[in-house]
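These notes concern the structure reproduced below.
A, B, ... follow the sequence lines: proteins, then strands. Residue 1 opens every chain.
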Protein chains: 2
Amino acid sequence: MVTDSWQTIAASKRAHNAALIPTEWLLPSPPSSEVRNVIDVPRTCGILTDKEVEITEKYAVSGLVAEIAKGTYSAVEVTTAFCKRAAIAQQLTNCLTEVFFDRAIERAKELDEHYAKTGKTVGPLHGLPVSLKDQIEIKGTDFTMSYVGWVGKVAEHDAVIAELLLKQGAVLYVRTNMSQGLWFGEGNNNVFGRTLNPFNRNLTCGGSSGGEGALIGMRGSLLGVGSDVGGSVRIPAAYQGLYGLRPSYCRIPYCKTSNSSEGESDIREIVRSVLGPLTTSLDGLKLFVQSVLAASPWEYDPWTPRMPWSHEAYSLRDHGGEGGKLCFAIMWDDGVVKPVAPYTRALEETKKALLAAGHEVIDWEPFKSAEARDIISAVFNADGGVSAARQGDVHLYPRSPLHPNEFVGPGRFPPDIMFPHLHYPARDIRHQLSLSGEPQLGAVLSRTASELGVYDFFALCHRRTGFIKDALDHWNGTVSRTGTGRPVDGVIAPASACAPSRHDAPMYIGYTSFSNLADYATAIIPVTQVDPAVDVTPPAHEFRNEQDKFNYEQYDPEYFRDAPISLQVIGKKYEEEAVIRMTEIVASALGKI
Amino acid sequence: MVTDSWQTIAASKRAHNAALIPTEWLLPSPPSSEVRNVIDVPRTCGILTDKEVEITEKYAVSGLVAEIAKGTYSAVEVTTAFCKRAAIAQQLTNCLTEVFFDRAIERAKELDEHYAKTGKTVGPLHGLPVSLKDQIEIKGTDFTMSYVGWVGKVAEHDAVIAELLLKQGAVLYVRTNMSQGLWFGEGNNNVFGRTLNPFNRNLTCGGSSGGEGALIGMRGSLLGVGSDVGGSVRIPAAYQGLYGLRPSYCRIPYCKTSNSSEGESDIREIVRSVLGPLTTSLDGLKLFVQSVLAASPWEYDPWTPRMPWSHEAYSLRDHGGEGGKLCFAIMWDDGVVKPVAPYTRALEETKKALLAAGHEVIDWEPFKSAEARDIISAVFNADGGVSAARQGDVHLYPRSPLHPNEFVGPGRFPPDIMFPHLHYPARDIRHQLSLSGEPQLGAVLSRTASELGVYDFFALCHRRTGFIKDALDHWNGTVSRTGTGRPVDGVIAPASACAPSRHDAPMYIGYTSFSNLADYATAIIPVTQVDPAVDVTPPAHEFRNEQDKFNYEQYDPEYFRDAPISLQVIGKKYEEEAVIRMTEIVASALGKI
């Protein structure tokens, strides 16, 4: 029996998928890899008609849905436009995994027929193309979970989120790239290769929902679904200047979405991976959450709490009521890794805008950031580190077919300085990699961690519960400093310590992973882009640790030109409605809506 | 260094606690241990004044609270009455662990002063004595967690539930007995001994919140708090003819309540133990849940979902709205262990009453009861079985000081036929027992289980998620049989396979533990009592297994005379409000309210 090499299998899969893009949608002269910013290519390349440019560029998400509902555009027109634009985005950033354009057009036809017959839409997402991260099953489509060993598998069911989006009228048309095993902050794996950031292809798209970030960044989709266990929705949203939301555990149903394996190891029982939206416009967050909750997801997912959309919560019932003065706290620095200069500018601009809008702004005192990182790392590592890997033993990964010069070899970056205790939950991933012999990827890997026994694991869980109780008390203790009679209403923090990093650079995710640990509802709001004229490198501060030093040294205003700089708006557990409303208030203060 | 034997330590602790009961509250002539039913003793023993009998017997919970709020009784009067009645209950059933009557009276005085000064109550529970299971910390009180090795410890903080009950005006005055390690369905441990069922002292009070059951059964408390990980609120509520509620995970805050150890092993991360009320009257369930939720528990417990009391849910928004026709499904038999005869009668009476009230009633098709039992047993066992114990190797436990003839020696019952895979989560409990050398107790123990590694544990968690998803789909699949256009609104099931069992008899908990696995909100409603004239032993059915045979054979109408027979009203996850409303509807149909 001859078994193909993993390289052959992966190349064949990529070729198969590439052939699904109609030739008339291929760029006649793709920009060279020297061209960093490719955001304008879809509009200027001549493949989209004027109407398709209008459909894909003119509207906020709810605006486009409203136009379809009014009959301005048919679902087929809208779907076609986004299929074409997604195909273009793919050629520029390698953001897609599976495409099923024919199926999408068929679905759109059915929606149009329903509309023609009844005069009514199927649901609040009628005709809207929604992109999904590759881990989200759609029955009958290829399903690799980014593993070469899975090539050839076909999904046997719809994930609940896919089922509910369809129920609410959405059109599914593409799935998008992610990091191998879902465990690092880029979009790169041995099956589909690396996804690039369309604002600056020298930089990462972020991840693990990196394909969503790049696709939506190019408006190849206005709304997509990613997952987040350490920042995987928020980092790519932030790195492409999008809005994003990390909801609290299971508010958006995760059931029957895969996570790293076919029903073996997942950590969703402890620090749960959650699904959340990435979108071009802030109204997309609200539309997505409202639409999903209106479909009674708790009747489909046994973990989803029975919490319908609450207008009272959205009207800030727990924050003094609509129109009242809020108190935000700004996290300038988490005390472990100091954010690079443009974040400080973004925070200052936001503070100024909020004060001008009549709100209070105080400084946030970070709560034990290093301990939070240590606990979540220990949870992520509970099923064992990568026993075969050793520090510095970084495997080669395939070069991007689009960006061969972006190859970064082993040893270019110190492999594990950012999260010294963080490894793959490797026992499962090792198994998946062994199916094909493909190598392990990612900047975050290396040393050996031992699999815990359940007794020690429960002790870790107990430690975590104590920590997040203390964190909650810390937050509520701000009541003495706010002047509103309430604790701080929302915390505003950098989305990351660094602007979108160079490919394969170690990434410090402490700014996002705190919300995963404490289960805080958290949104991303884009604020600015790196402007080398303004965002100069400040004098070196006294470094706290290697990560801090590395983060400072990697920043280069010219290299990071145009990179989106985004912030987080952090609320408490299950405050999705209030966080969306507070994000609207921040966006309004900043003049963005 | 001389170390006292565990027997000496325990005897000394019991003597110390017994001395805290004022001598004038001691029964001048306690009934002999031959007297089985002691329910009337508090009223007839002469220790309570007529007014104290009125306070403790005349009112439903909300009625008594209303009288205090009107000024009919002072908080001190009410507290004194319940302290005295609890002291009497203790002498008859051994239901208490710690008493702090002086502290309670001080607290009641403060409440009365507040009321006199402001004309207002402190909160919705103003002046109501609330009893707490022994695991719930109250700062400054002795705290043994039922382990001899813990005697001498003092709680250093309030559990969140204690903190919130105080905030809402409650008076804390006693804590109550529980099973060793919280892991079997009685109230028995080496520190405090065994609690008896006041309706028939030959029978168990149930457990693990057994002391709550016996105390409230004697109206030594109208409202108390227990915990439930397999039925531990519902079984003692059912066995004493009380109302009880198992809420879904963390709806009632569990934070800083201990569970089996000082911050080591607990299983609350997976199948969470939950806190819930036991009460003499159905309105007590609603008052308790409303009062706790009104205190914003999510600001105190990081696991509590932000779900205020929902009047819409209570008004059956998801069940056709108030006043509509409901469809109940009756679980006559779970297919593993057939319930004894009086349950069949209780179910038939309930069905007839509901039909007469205009509701639909269909048969419930049990969903894989044996698999549910196997999964939850595996979860409970994940941190390892009792390696030192062997089948049949049941240690002696101390005889009840009140009921020396009720001693049941090793081997009287087969030790583990009911849950053949269920053991203590022993690694932790072994450690606690080793502190003093005290023996392990309980009918449910024995063979060796291995501690799982995290990888296998996650696989088990994943299996569980798949199972409860299928269970939810099974429930929703009833839509074709209800005639309401909705799936079944609530499931009515026996609270147990057996009437309150003989002491130390193996107990099948599959009827309750399914709700723990699937996280269904579930109430207990008392329906009837064993009447030997009616509830005769039916002809033997074809036994499915040893448990089924044992359960059939242990039933004896005369032995179980007067034993309360109660049912469960089961709703879906986080349907506390709807379950309370549906229980009211069932109670109303039965003419109980």
Side-chain angles (χ1 to χ4, degrees), chain A residues 160 248-249 251 255-256 261 263-270 296 298-308 310 312-313 317-318 382-384 425 427-428 451-459 461-473 475-476 487 518-519 572-575 578, chain B residues 160 248-249 255-256 259 261 263-270 296 298-308 310 312-313 317-318 382-384 425 427-428 451-459 461-473 475-476 487 518-519 572-575 578:
Chain A
V160 165
S248 293
Y249 296 155
R251 186 90 195 260
C255 196
K256 301 213 170 193
S261 90
E264 291 183 319
S265 159
D266 60 4
I267 61 159
R268 71 182 80 160
E269 295 288 338
I270 306 305
S296 301
W298 44 85
E299 298 294 355
Y300 298 79
D301 184 337
W303 290 118
T304 295
R306 186 175 291 258
M307 298 176 78
S310 167
E312 295 70 30
R317 171 196 62 205
D318 299 336
D383 95 333
R427 191 167 153 188
D428 170 58
E451 183 182 347
L452 296 185
V454 165
Y455 183 77
D456 291 331
F457 183 65
F458 288 164
C461 294
H462 196 83
R463 179 181 168 206
R464 190 270 301 265
T465 293
F467 182 86
I468 65 176
K469 162 65 172 163
D470 291 344
L472 181 58
D473 290 346
W475 185 319
N476 287 332
D519 200 23
K572 290 175 182 166
K573 184 181 179 82
Y574 290 128
E575 286 217 286
Chain B
V160 166
S248 293
Y249 297 154
C255 197
K256 301 213 170 194
N259 190 338
S261 90
E264 290 184 320
S265 160
D266 61 3
I267 61 159
R268 71 182 81 160
E269 294 288 338
I270 306 306
S296 301
W298 44 86
E299 298 294 355
Y300 298 79
D301 184 338
W303 289 118
T304 295
R306 186 174 290 259
M307 299 176 77
S310 167
E312 295 70 31
R317 171 195 64 204
D318 298 338
D383 94 333
R427 192 169 153 189
D428 170 58
E451 183 182 347
L452 296 185
V454 165
Y455 183 77
D456 291 332
F457 184 65
F458 287 164
C461 294
H462 196 84
R463 179 181 170 207
R464 191 269 301 266
T465 293
F467 182 86
I468 65 175
K469 163 64 172 162
D470 292 345
L472 181 60
D473 290 347
W475 184 319
N476 286 332
D519 200 23
K572 290 176 182 166
K573 185 182 178 82
Y574 290 127
E575 287 218 285

Review point. Which region of A/Arg317, side chain (C-beta onward) or backbone (N, CA, C, O), has a non-hydrogen atom less than 4.5 Å from a non-hydrogen atom of chain B, or is it both or neither?
Key: side chain
Point to revise | Segment of A/Leu472 engaging chain B (4.5 angstrom heavy-atom cut-off) | key: side chain
Point to revise | Ionic contact status for A/Arg306 with B/Asp318, cut-off 4.0 Å | key: yes
Review point. Where does B/Pro487 contact chain A at under 4.5 Å (heavy atoms): side chain, backbone, both or neither?
Key: neither
Check your understanding: Can you tell me how far the CG atom of A/Asp301 sits from the NZ atom of B/Lys573, to the nearest 0.5 Å?
Key -> 9.0 Å
Exercise for review: Among the options B/Asp473, B/Asp519, B/Ile468, pick out the one with the most heavy-atom pairs lying under 4.5 Å from chain A.
Suggested key: B/Ile468
Review point. Got B/Trp298 and A/Lys572 here, is their nearest side-chain heavy-atom distance under 4.5 Å?
Key: no
Practice item. Taking B/Tyr300 for its side chain and A/Lys469 for its backbone only, find out whether a donor-acceptor pair lies under 3.5 Å. Key: no
